[in-house]
Amino acid sequence: DITNLKGRESQHVTTSSELGNILDYSIDLIFLFDANGLIAKVSESVMETLGYSKTELLGKKYVDFLYPSDVEKTTSAFESILRGEKIRNFEIRLIDSRGKLLYFNWSGNIKQDTNQVLGIARDITELVELKKKGAQEKFRIQTILNSSPDLIWSVDRDFKLVSGNDTFLKVIKDTKGWEIKPGDPI
């Protein structure tokens, strides 16, 4: 009957509007790809984060925006998604419109009835840069400690080794015969 039809049509319009809001207001990047890897739809956050216009993105292959050394592993993951596998926590790098390298954690799934791939990405660039900075700082401190002839070490409250300079590790090995490493009890 016509009343049921009008009701379903109204519900469809409401659902479409809600989905449009998700694409407009999501902080995470949302992509819809066809089976050939062409970008079919993007959220506003994709354009904001990457700096490309919708016309620069739609109809282009996803590989056009990948950091070159990530193309092979990403293509392999995309093919896995097309075979029905769900991909989670997949890290890739994209190049934004200014040429800056950005890091993303991806999830992907296939929409079986249309053979389209839904990809959702979170920008983890700041996190990756903080980890790199932390690793560099740790290396710098260890280099300073290793330049000292004194025995320097630190332990946690359970008396497990947190760190030790090369002199400390050598003396422990030479006097006690221990090959000690961080996490070992002292």
Practice task
Indicate yes or no for a side-chain donor-acceptor contact from Ser45 to the backbone of Asp28 under 3.5 Å, with no hydrogens or angles considered.
Solution key: yes
Handout entry: CG on Leu82 to CG on Asn36, rounded to 0.5 Å
Key = 9.0 Å
Problem - Contact check, side chains of Leu66 and Leu94, non-hydrogen atoms, under 4.5 Å - result: yes
Tell me which donor-acceptor pairs under 3.5 Å the side chains of residues 160-170 have, and how far apart each pair is, sequence neighbours excluded?
| unit_1 | atom_1 | unit_2 | atom_2 | d |
| --- | --- | --- | --- | --- |
| Ser163 | OG | Ser154 | OG | 3.2 |
| Asn165 | OD1 | Ile152 | N | 3.2 |
| Asn165 | OD1 | Phe168 | N | 2.9 |
| Asn165 | ND2 | Leu145 | O | 3.2 |
| Asn165 | ND2 | Asp150 | O | 2.7 |
| Asp166 | OD2 | Asn146 | ND2 | 3.4 |
| Thr167 | OG1 | Ser148 | O | 3.1 |
| Lys170 | NZ | Asp174 | OD2 | 2.6 |

Handout entry: Sub-4.5 Å side-chain heavy-atom contact between Lys86 and Asn109
Key = yes
Problem - Nearest heavy-atom neighbours spanning Gln116 and Ala40 - result: NE2-CB, 4.3 Å
Handout entry: Atom of Asn89, atom of Ser107 and distance for their closest heavy-atom approach
Key = N-OG, 4.1 Å
Handout entry: Transitive ILVMFWY side-chain link Trp178 to Phe159, under 4.5 Å
Key = yes
Handout entry: Cluster check Tyr67, Leu50: I/L/V/M/F/W/Y, side chain < 4.5 angstrom
Key = no
Exercise for the section: Taking the six-membered ring for Trp and the single ring otherwise, decide whether the centroids of Phe31 and Trp106 are under 6.0 Å apart. Expected result: yes
Exercise for the section: I would like to know whether Tyr62 and Thr75 meet side-chain contact (heavy atoms from CB on, under 4.5 Å); could you show each step before the answer? Expected result: CA-CA 9 Å; Tyr62 69 86; Thr75 300; 3.5 Å; yes
Practice task
Calculate, to the nearest 0.5 Å, the distance between atoms OG and CE belonging to Ser97 and Met47 respectively.
Solution key: 12.5 Å
Practice task
State plainly whether one hydrophobic cluster holds both Leu38 and Tyr52, where clusters connect Ile, Leu, Val, Met, Phe, Trp and Tyr through side-chain heavy atoms under 4.5 angstrom apart.
Solution key: no
Exercise for the section: Say whether, by atom type as modelled, one donor and one acceptor occur between the side chain of Thr49 and the main chain of Val46 under 3.5 angstrom. Expected result: no
Problem - Residue among Asp96, Ile39, Leu102 satisfying side chain to side chain contact (heavy atoms under 4.5 Å, CB included) with Phe65 - result: Ile39
Problem - Interatomic distance, Asn115 atom CG to Ile110 atom CD1 [nearest 0.5 angstrom] - result: 4.0 Å
Practice task
Hey, could you give me the CD1/CD distance between Ile172 and Glu179, rounded to the nearest 0.5 Å?
Solution key: 11.5 Å
Problem - Enclosure of Glu72 CD (heavy-atom neighbours >12, cutoff 6.0 Å) - result: no
Practice task
Decide if atom NZ of Lys73 counts as having more than 12 heavy atoms of other residues, nucleotides or ligands within a radius under 6.0 Å.
Solution key: yes
Exercise for the section: Go through the steps to decide whether Glu129 and Lys133 satisfy the test side-chain contact (heavy atoms from CB on, under 4.5 Å), and finish with yes or no. Expected result: CA-CA 6 Å; Glu129 289 172 354; Lys133 193 174 189 179; over 6 Å; no
Exercise for the section: Could you give me the CA-CA distance, side-chain angles and deciding distance for Val128 and Glu91, then say whether side-chain contact (heavy atoms from CB on, under 4.5 Å) is met? Expected result: CA-CA 11 Å; Val128 169; Glu91 193 172 306; 4.2 Å; yes
Handout entry: Leu101 and Tyr103: CA distance, side-chain angles, deciding distance, side-chain contact (heavy atoms from CB on, under 4.5 Å) verdict
Key = CA-CA 7 Å; Leu101 190 61; Tyr103 292 79; 4.1 Å; yes
Handout entry: Salt-bridge contact Asp184-Lys181 (side-chain N to carboxylate O under 4.0 Å)
Key = yes
Completion exercise
Taken to the nearest 0.5 Å, the spacing of Leu57 CG from Asp64 CG works out to 10.0 Å
Handout entry: Side chain proximity check, Pro68 to Ile95, heavy atoms < 4.5 angstrom
Key = yes
Practice task
Identify whether Val117 and Val71 are in the same connected component of the hydrophobic contact network (ILVMFWY, side-chain heavy atoms under 4.5 Å).
Solution key: yes
Exercise for the section: Decide yes or no for Val63 and Thr74: does some side-chain heavy atom of the first lie under 4.5 Å from some side-chain heavy atom of the second? Expected result: no
Practice task
Consider only side-chain N and O atoms of Glu56 and Ser53, and report whether a donor and an acceptor are under 3.5 Å apart.
Solution key: yes
Exercise for the section: Check whether the side chains of Arg93 and Ser69 place a donor and an acceptor atom closer than 3.5 Å, and report yes or no. Expected result: yes
Fill in the blank from the handout: Of all heavy-atom pairs linking Ala35 and Phe78, the shortest is O-CE2, 3.6 Å
Exercise for the section: Write down the atom of Thr55, the atom of Lys60, and the distance for their closest heavy-atom approach. Expected result: O-NZ, 3.5 Å
Practice task
Identify whether Ile124 and Phe90 are in the same connected component of the hydrophobic contact network (ILVMFWY, side-chain heavy atoms under 4.5 Å).
Solution key: no
Practice task
Run the salt-bridge test on Glu137 and Arg140 with the 4.0 Å N-O cut-off and return the result as yes or no.
Solution key: yes
